[in-house]
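Note: hydrogens, waters and symmetry copies are ignored here, and every other heavy atom, side chains too, is used. What you are looking at is a predicted structure, and each value in this text was computed from that prediction instead of being measured.
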Amino acid sequence: MPPSSYFQGSSAVLNPTEDDYEDESHLQDIQNSNRNSLDLVESESLLVYAENCGYKQSHLRVHYRSQHPDLIEFSNHAFYGKKLIPMPAKQDYRAIQFAEVNGIYEDQVNRAEASKVIAILLDEVQPLSNGKYPSVGIATFNIYQRNLILEEITKTRQLRPEYDKKFSELGSDLFVKNLENIQGDERDVIIISTTFGRKPDGTFRQSFGPILQRNGYKLLNVIVTRAKSKVFVCTSIPQENINQYSNLLRQFQNNGRAIFYAYLAYAKYVSENNIEAKNALLHQLYENCDAVFIDNEDSGFGSESPFEDEVYYSLVNIIGKERLQQQYKLGGFRIDLVVRSKKTGKPIIAIECDGAKYHSSNEAYAWDMFRQKQIEQHGIIFHRIWSTNWWYSSTKEVTKMLEFIETCDQRENYI
């Protein structure tokens with residue numbers, strides 16, 4: 001992430017959230033402004049400098065940090081053009097918890113949100129199965145809120161000795177950082193205090209400091225992707241403002257207030273398990289995305305084909321449609337065809353219809369083996385059908401599939 005110019009002026013240091021408000025009218029052309037200078041001093045970042053020197057970019061595809069797809073899908077759609085492949089969640093849980101605090105923003109801090117953060121630390125962060133606490137990080141949207149939370153932690157430990165042990169068990173991994181200095185950090189749990197809210201007189205000024213700058217969306221991208229397993233979002237942004245995200249996205253695309261409000265809406269949808277609204281929001285973000293990650297390369301997900309359809313319908317006629325699903329999505333992976341358990345209804349068999357592409361190169365083979373290994377960790381067993389064998393004798397391949405399915409069903413009956 002390139003450095004922010006936010007603190008270059010003295011007025012910004014003295015009053016960062018009120019005096020450095022920047023008009024959003026310039027935001028439509030943010031991602032079209034490229035630095036062409038080969039001068040290292042003038043380059044936006046080392047990455048830009050390297051690109052200008054002729055080095056070729058190589059983008060990471062598999063996203064390992066987030067242990068639940070919901071933690072990365074917002075950024076994946078908004079900034080990376082759905083090119084990241086999230087790891088499947090190993091258990092079913094709500095990865096984002098949204099809290100409407102409705103606190104007052106006064107003297108550049110939000111005391112109600114600070115209190116909520118402390119309450120989450122004490123009441124919501126629970127030990128793992130091994131008895132140890134997950135690592136925790138607290139992220140704020142300005143340095144004054146960070147300082148207030150640090151003061152509240154110290155005060156709680158002094159006045160409530162019964163909680164001192166828990167803070168000790170959370171250990172040195174616990175940090176409190178503001179928007180500008182959290183890059184490079186990651187923790188199991190991240191608690192976000194968006195800080196801003198209505199003033200004591202009831203007014204709400206949409207001055208969000210550096211997040212409204214030219215590259216402010218990068219700061220947001222960093223802060224919302226620090227968690228490995230869970231995010232708590234504490235906000236006092238009025239709901240009527242958050243609800244404006246769709247219109248703002250159409251006007252400003254994935255930048256400024258638009259992307260900030262969109263993330264808050266996304267967090268709420270995930271927290272409430274509102275899948276339809278979440279998917280609609282993600283679709284709009286993707287439609288706006290003009291990231292360099294978007295290209296015409298195959299995404300690796302595959303698509304339906306006559307071969308897959310033939311395999312599917314041959315099984316439908318024998319074991320029934322209710323046990324089968326084509327193009328089953330697991331995290332960022334897709335499976336050609338899954339067979340569901342008779343007992344639980346959960347996928348237990350992955351049937352992969354492999355053509356020439358499967359063994360077209362060592363890289364393709366290695367990738368598919370990696371993908372299979374990740375999926376097998378979720379209790380799904382693979383059965384592969386080669387296209388050449390299918391065209392030679394589909395009856396023989398169907399018999400093999402049915403024998404494999406029957407073996408898996410019998411194994412389940414003994415568990």
Side-chain angles (χ1 to χ4, degrees), residues 61-64 68-69 82-92 275 279 295-415:
R61 298 291 294 275
V62 181
H63 179 79
Y64 293 98
H68 194 293
K82 294 197 295 186
K83 284 298 181 181
L84 294 180
I85 300 176
M87 290 292 97
K90 294 184 178 179
Q91 55 182 335
D92 186 20
I275 297 174
N279 289 340
D295 52 37
N296 293 320
E297 296 177 3
D298 176 47
S299 67
F301 290 153
S303 61
E304 294 184 11
S305 68
F307 174 27
E308 293 174 23
D309 286 339
E310 283 195 25
V311 174
Y312 171 73
Y313 286 112
S314 69
L315 285 177
V316 165
N317 294 329
I318 301 172
I319 68 173
K321 187 176 181 179
E322 65 280 355
R323 291 196 67 188
L324 301 170
Q325 182 175 338
Q326 288 182 290
Q327 294 299 304
Y328 180 81
K329 185 177 180 181
L330 185 66
F333 303 118
R334 288 186 185 273
I335 302 171
D336 294 342
L337 177 64
V338 296
V339 180
R340 297 183 180 277
S341 164
K342 284 183 177 180
K343 293 173 63 177
T344 66
K346 295 181 178 180
I348 57 171
I349 300 172
I351 296 177
E352 290 287 281
C353 304
D354 295 323
K357 181 182 176 182
Y358 175 76
H359 49 83
S360 61
S361 69
N362 290 334
E363 290 80 5
Y365 176 80
W367 165 253
D368 214 41
M369 288 296 96
F370 166 79
R371 171 177 163 273
Q372 176 173 335
K373 182 178 179 181
Q374 297 301 318
I375 292 173
E376 285 177 337
Q377 292 179 6
H378 295 262
I380 298 176
I381 305 172
F382 271 66
H383 178 77
R384 295 185 179 274
I385 304 174
W386 296 91
S387 58
T388 50
N389 292 340
W390 180 263
W391 305 133
Y392 182 75
S393 177
S394 60
T395 302
K396 183 178 180 180
E397 294 304 310
V398 169
T399 301
K400 288 181 181 178
M401 276 195 298
L402 292 175
E403 290 175 352
F404 187 80
I405 293 170
E406 184 178 354
T407 300
C408 292
D409 286 343
Q410 290 176 351
R411 185 181 304 159
E412 270 209 311
N413 291 331
Y414 288 111
I415 296 176

To the nearest 0.5 Å, how far apart are [atom1] in [X] and [atom2] in [Y]?
X	Y	atom1	atom2	result
Ser341	Ile380	OG	CD1	11.5 Å
Ile385	Ser394	CD1	OG	10.0 Å
Ile318	Tyr313	CD1	OH	15.0 Å
Leu402	Thr407	CG	OG1	10.5 Å

If we only count heavy atoms from C-beta on, is the [X] to [Y] side-chain gap below 4.5 Å?
X	Y	answer
Glu406	Glu403	no
Ile405	Leu315	yes
Ile351	Phe404	no
Glu352	Arg371	yes
Val338	Leu330	no
Arg323	Asp409	yes
Tyr312	Lys321	yes
Met401	Val311	yes

Pair Val339-Leu324, side chain to side chain contact (heavy atoms under 4.5 Å, CB included): steps then yes or no: CA-CA 5 Å; Val339 180; Leu324 301 170; 3.7 Å; yes

What are the two closest non-hydrogen atoms of [X] and [Y], and how far apart are they?
X	Y	answer
Pro86	Leu84	CD-O, 3.4 Å
Gln326	Glu308	NE2-O, 3.9 Å
Arg340	Gly345	NH1-O, 3.0 Å

Assess the residue pair Gln327 and Asp336 against the criterion (side chain to side chain contact (heavy atoms under 4.5 Å, CB included)); give the C-alpha distance rounded to whole Å, side-chain angles, the decisive distance to 0.1 Å, and a yes or no. CA-CA 5 Å; Gln327 294 299 304; Asp336 294 342; 4.0 Å; yes

Regarding Lys373 and Glu376, does a basic nitrogen lie under 4.0 Å from an acidic carboxylate oxygen? no

N-O pairing of Asp368 and Arg384 below 4.0 Å: yes

